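Remarks on the structure that follows.
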Amino acid sequence: MLEFTAAGQDFVAYRAEPAGQVRGAVVVIHEIWGLADHIKDVADRFAAAGYLAVAPDLMGLAGLDATLLAELGADRNDPVNRTEIKPRIRAATEPMRSPGRAGQIQAGVAAAFDYLESSAEGAGRTAVVGFCFGGTYSFALAVSDARVAAAVPFYGHANYSAEELSGITCPVLAFYGEEDKALTDDLPDLIERMRQSGVDFRYTVFAGAGHAFFNDTNPVSYRAEPARIAWQEALEFLGAALR
């Protein structure tokens, strides 16, 4: 594990070493459940594909209780407790929405990115990939740092104006589940804002899938075929963007 400091706080990150030919580097940003085994596995998969991968644990910077969120994340799939769990998840994630938290989280993401960008593997070819919470902060990093070579947000929010989106200088490939209406209902407007800002914005919407379709540890949301296709598209996209 790596150790970083951002916004006056220490935090750790999981590092996965590339296998064989090095293709670049990737920051992997976790879901709201924290640096779970699933995210470490994703980092390992990127490493197996030739990328130096670093997955920062941003829970402390977000003001969240990692142990509690991990427990709630595991319980959310229980059909008996699902109704009860939702308000507990909202309450547990409330600290993340306090003033200044977004900046602290972004500082943590930036620290991980700077580490990779300054490495021999990632210099000039470091991308960001994130899921849900991480998808949102993947967009945020691309907006704020012109050095990002590519961004792959999975079901993340991009609540930026066209002027703000013009800060993105890298290609973006976004993934959505068709049933994730909180995002897909707003997608046409995002596409237009991306067009106005001149961003190379590509996206795939998977039928029969909803939020968190890529998470193979969540039997409720996981969709094997969309996940397989998204992974293949992501690797092809990164291979072209980082070469």
Side-chain angles (χ1 to χ4, degrees), residues 1-15 26-36 39 43 54-73 76 85-118 126-148 151-170 172 174 180 182-183 186 189-190 193-194 197 199 211-212:
M1 298 288 278
L2 301 171
E3 295 183 356
F4 293 106
T5 299
Q9 294 187 56
D10 297 332
F11 65 102
V12 298
Y14 179 77
R15 173 181 163 123
V26 183
V27 180
V28 181
I29 311 179
H30 58 68
E31 297 174 299
I32 197 63
W33 318 115
L35 186 56
I39 296 299
V54 167
D57 184 349
L58 303 168
M59 298 297 274
L61 292 168
L64 302 179
D65 184 329
T67 301
L68 174 61
L69 264 299
E71 293 173 354
L72 293 175
R76 76 191 186 280
I85 288 295
K86 287 183 178 180
R88 293 179 62 194
I89 292 174
R90 283 195 294 271
T93 56
E94 184 61 33
M96 183 180 68
R97 290 177 277 277
S98 64
R101 283 296 179 188
Q104 290 176 281
I105 297 166
Q106 288 176 17
V109 173
F113 176 81
D114 288 343
Y115 169 82
L116 288 173
E117 181 66 17
S118 64
T126 296
V128 60
V129 178
F131 304 86
C132 185
F133 166 95
T136 297
Y137 282 96
S138 295
F139 276 120
L141 181 64
V143 166
S144 64
D145 197 323
R147 297 174 299 164
V148 177
V152 185
F154 282 73
Y155 26 86
H157 290 273
N159 298 322
Y160 301 99
S161 67
E163 181 178 1
E164 290 169 323
L165 290 171
S166 65
I168 299 177
T169 59
C170 68
V172 178
D180 191 0
L183 292 173
D186 293 335
D189 184 57
L190 175 60
R193 282 181 280 126
M194 287 288 192
S197 64
V199 176
H211 197 74

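No experiment lies behind these values; they were computed from the predicted model shown.
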Closest non-hydrogen atoms of Pro95 and Ser98, given as atom of the first, atom of the second and distance, are O-OG, 2.8 Å
Worked check of side chain to side chain contact (heavy atoms under 4.5 Å, CB included) between Asp57 and Met1: CA-CA 10 Å; Asp57 184 349; Met1 298 288 278; 5.9 Å; no
Rounded to the nearest 0.5 Å, the OG atom of Ser144 sits from the CZ atom of Phe139 at a distance of 13.0 Å
Do the non-hydrogen side-chain atoms of Phe131 and Val28 ever get within less than 4.5 Å of each other?
-> yes
Does Val152 offer a backbone N or O that forms a donor-acceptor pair with the side chain of Ser138 under 3.5 Å? no
- CA sep, side-chain torsions, deciding dist, call: Trp33, Ile89, side chain to side chain contact (heavy atoms under 4.5 Å, CB included): CA-CA 10 Å; Trp33 318 115; Ile89 292 174; 3.6 Å; yes
Between the NE2 atom in His211 and the CD atom in Glu31, the distance rounded to the nearest 0.5 Å is 6.5 Å
No-hydrogen, no-angle side-chain donor-acceptor test under 3.5 Å, Arg193 and Ser197:
no
- Query: So Val128 and Tyr137, side chain to side chain contact (heavy atoms under 4.5 Å, CB included) or not? Walk me through it.
  - Reply: CA-CA 9 Å; Val128 60; Tyr137 282 96; over 6 Å; no
Exercise for the section: Would you confirm whether the ring centroid of Tyr115 sits within less than 6.0 angstrom of the ring centroid of Phe4? Expected result: yes
Closest heavy-atom pair, Glu164 versus Asn159, reported as atoms and distance to 0.1 Å, is OE1-O, 4.4 Å
dist Arg147:CZ -> Asp114:CG (nearest 0.5 Å) comes out at 4.5 Å
Closest non-hydrogen contact found for Gln9 with Arg101 is NE2-NH1, 4.0 Å
d(Thr67 OG1, Leu72 CG) to nearest 0.5 Å is 11.0 Å
Exercise. For Leu183 and Leu190, what are the C-alpha separation, side-chain angles and deciding distance, and is it a side chain to side chain contact (heavy atoms under 4.5 Å, CB included)?
Worked result: CA-CA 10 Å; Leu183 292 173; Leu190 175 60; over 6 Å; no
For this session: With the side chain counted from C-beta on, respond yes when Pro56 and Val27 share a heavy-atom pair under 4.5 Å apart, and no when they do not.
Result: yes
Q: Could you tell me whether the side chain of Leu61 reaches within less than 4.5 Å of the side chain of Val109, counting heavy atoms only?
A: no
Paired with Ile168, the side chain to side chain contact (heavy atoms under 4.5 Å, CB included) test is passed by just one of Val143, Val148, Leu141, Asp145, namely Val143
**Message:** Is the distance between the ring centroids of His30 and Phe133 under 6.0 Å?
**Reply:** yes
Here the pair of heavy atoms bringing Arg90 nearest to Arg97 is O-NH2, 3.2 Å
Correct closest heavy-atom pair for Met59 and Leu69 would be CE-CB, 3.7 Å
Interatomic distance, CE@Met96 vs CD1@Ile105, rounded to 0.5 Å, equals 6.0 Å
Closest heavy-atom pair, Ala6 versus Phe11, reported as atoms and distance to 0.1 Å, is CB-CE2, 3.6 Å
